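Remarks on the structure that follows.
Residue numbering restarts at 1 for every chain, and letters A, B, ... go by the order of the sequence lines. No experiment lies behind these values; they were computed from the predicted model shown.
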Amino acid sequence: MNLFNTILVGLKEVWTHKFRSVLTMLGIILGVASLVGMAAVIKGMENGMKEAMIAMGGADKVLLQEEEVPSHQQHLADQAPGRTMVDVEALRRSAPLLRVVSPEMRVSGVVATRGEKMAMPSELCGVWPAVVDMNLHTLAHGRFFTELDEENAHAVCVIGTGIRDELFGAPEDVGREIIPIGELVNLNGQPFTIVGMFAHYESEQEKKMRELARSKPPETRAGPARQRGFGRGNWAFWRKNYTMYIPLNTAWIRFRAASGLDNIPDPRLSDIDLKVGSIERVDVALQQARNVLMMTHRGIEDFSFRTQENNLESINKQIRNARLSGGFIAAISLLVGGIGIVNIMLASINERIREIGICKAVGASGLAIFAQILIESVVIALLGAALGVGASYGLVAILALISPSANAPLITPLAMAIAVAFSALVGVSAGLFPAWKAARLNPIQALRNE
Amino acid sequence: MALVELRNVSKIYQLGGEEIRALDDVSFDIDEGEFISIIGPSGSGKSTLMHILGCLDSPSRGTIQLDGMMIQDASARELAAIRNRKIGFVFQFFNLLPKLNVVQNVELPMIYSGVSASERRRRAMAALASVDLANRSRHRPSQLSGGQQQRVAVARALVNDPRIIFADEPTGNLDSHTGEAILGLFRRLSVEGRTIVLVTHDPEIAAVTPRRIEIRDGRIAEKIDLTLAGLDREAPTIPRRPAGGGTGVTQ
């Protein structure tokens, strides 16, 4: 009996018992939908996380972190120098495998004001121009700091678009883009001139939504304007847009020179970020940096490196865990669906004992009957899988409505293929027992069956 | 060599430790082109005999030769292939598949013998035409009368051009008029040269065949071989024997 015919007969069987078949398929439908939906959600999560990681500076960025001194050096703890400009200069001179060294001196508790308006920067940092490369900033307007700004500690600043939105008005509200180059803002009362502004950073998802919003006529909004939420993943872009940079020397002289204990100057930097020349040689480059820093720190190991690899690892770990738990649930659902199929196939062959007897009498071999039942079972499973894939689109659409925009679920062909393959497997294994039972029916007794 | 040769065939069932001999040392031949009836009351073993002859069952003892092959030890799979190609069945309850239409029912045996779709349709329509049902090919079995359904079953039995056709009480579920028509159909097929075995409990129906084998308690009770008696292709009426040995005791 050829395959096409068998499949056709199987489909006919399903069609004859539509309601029963759909109920049977429900397990498979839910299983496939949850598998594909879960994979889509995780894919969205992964994309959001990776985008955020890149927004924070890309894969070749290494953070030089301050660390408690190790226990065997505990007696030297009060001599730990912390991260200072000495380290930066030493690294620049003696660690050629590092491409960029970017010191940051964060000034906390600063409010930027302009007239009545005020903004809280996500970070106000004294930086070198290297920070643009380091944090993957794009300067859209104006200029960045020059050596003269650094040397003379000019009161200049470069801002993100978020600060502009707060102090001058967002393009969405004003209707045109304001470029506040040359304007003055007050940082804790000290006037600073804006010399440059970064591009607006956003995730792919936000960009799409913004473009969509632009193509549509503006809706009249009822009630107070709600602040757009920044779900997981979005915070990285929000943070980047609310950045405010001033020259390192300016930060030092105007804010930090008397900020230490008892107004003693605190020369420690809040961050030293590194970029390695080639990502393949991260380990060598970091060893070199470690050697240099062991010199400047006089052997006190009060620092450590945090690579994005660690970050990536933790992202991957989260993804793996999410996949595992989601896959487990979906697998159970598919298993239950499989049991449903076994049940219905057993009922179906019981109903058709006489028909099977007829087929055997006219010459169907046990194998032909076996194949017939098995294929019917697979047909049910695959139909269920097809409906499940359809349902997963609905499920994902619902999930997309309730999940943060940066993590919009994304259906992947791979997940679909896996789900369908798994359903086929379930169909085959669910059909085996009923098919075996049908195949070994005695034709005489089967024909006598009423 | 005869088309079918049974030698000392027995079928023994074990039922609760008791041995039941459904067939007990049966031997006979069926020649090519013969029209023969196997007659006997219910429980006589005639159904068991037909099942063994029709390759639906295997004997416990003895040998069977069918069309030059010894089949007493054939596997279930080999028996299925023999049923498919060499044997046609017509049953009392028609046994058509209710979900398939008439022509699909007739095609069924060819599906298992791997005939191509176009060839299947052509042969099925030819078989239906030979039983005068070509115009009902798209109907469901449930839309046909009993006689028509039985003719579809005959067409299905013929479609793979079998060496031998078994009809198990083919008129048992039909009124006498329709039954006559079906028997007429078998007679016509016999004249066309088909080998037909009619299994029945009714001596009147058995009377249409030239040769009869009577089974009683698993044994051949009586052979009436009119072919040898020179009464070929005649349908004589034979005197009815009273059931139960004719003691005539009434209560």
Task: Members of residues 149-161 of chain B whose heavy atoms come closer than 4.5 Å to chain A - done: B:R156
TODO: Please state whether the side chain, the backbone, both or neither of B:L100 comes within less than 4.5 Å of a heavy atom of chain A.
DONE: side chain
Task: Greater than 12 external heavy atoms within 6.0 Å of B:E19's CD - done: yes
Task: Spacing of CG belonging to A:L447 relative to NE2 belonging to B:H51, to within rounding of 0.5 Å - done: 7.0 Å
- [ ] Output every pair passing side-chain hydrogen bond (donor to acceptor under 3.5 Å, both in side chains) with a member in residues 408-424 of chain A, not counting sequence neighbours, ordered by first then second residue.
- [x] none
Open item on the list: What's the separation between atom CG in A:L367 and atom OH in B:Y112, rounded to the nearest 0.5 Å?
Closed with: 11.5 Å
Open item on the list: Heavy atom to heavy atom, less than 4.5 Å: which residues from residues 356-364 of chain A reach chain B?
Closed with: A:I358, A:C359, A:K360, A:A361, A:V362, A:G363, A:A364
Task: CG (B:D217) with more than 12 external heavy atoms under 6.0 Å - done: no
Open item on the list: Sort by residue number and list every residue of residues 56-80 of chain B having at least one heavy atom under 4.5 Å from chain A.
Closed with: B:L56, B:D57, B:R77, B:A80
TODO: Side chain from CB out, backbone as N, CA, C, O: work out which of these in B:P98 comes under 4.5 Å of a heavy atom of chain A, or both, or neither.
DONE: side chain
Open item on the list: Within a 6.0 Å radius of atom NZ on A:K18, are there more than 12 heavy atoms belonging to other residues, nucleotides or ligands?
Closed with: yes
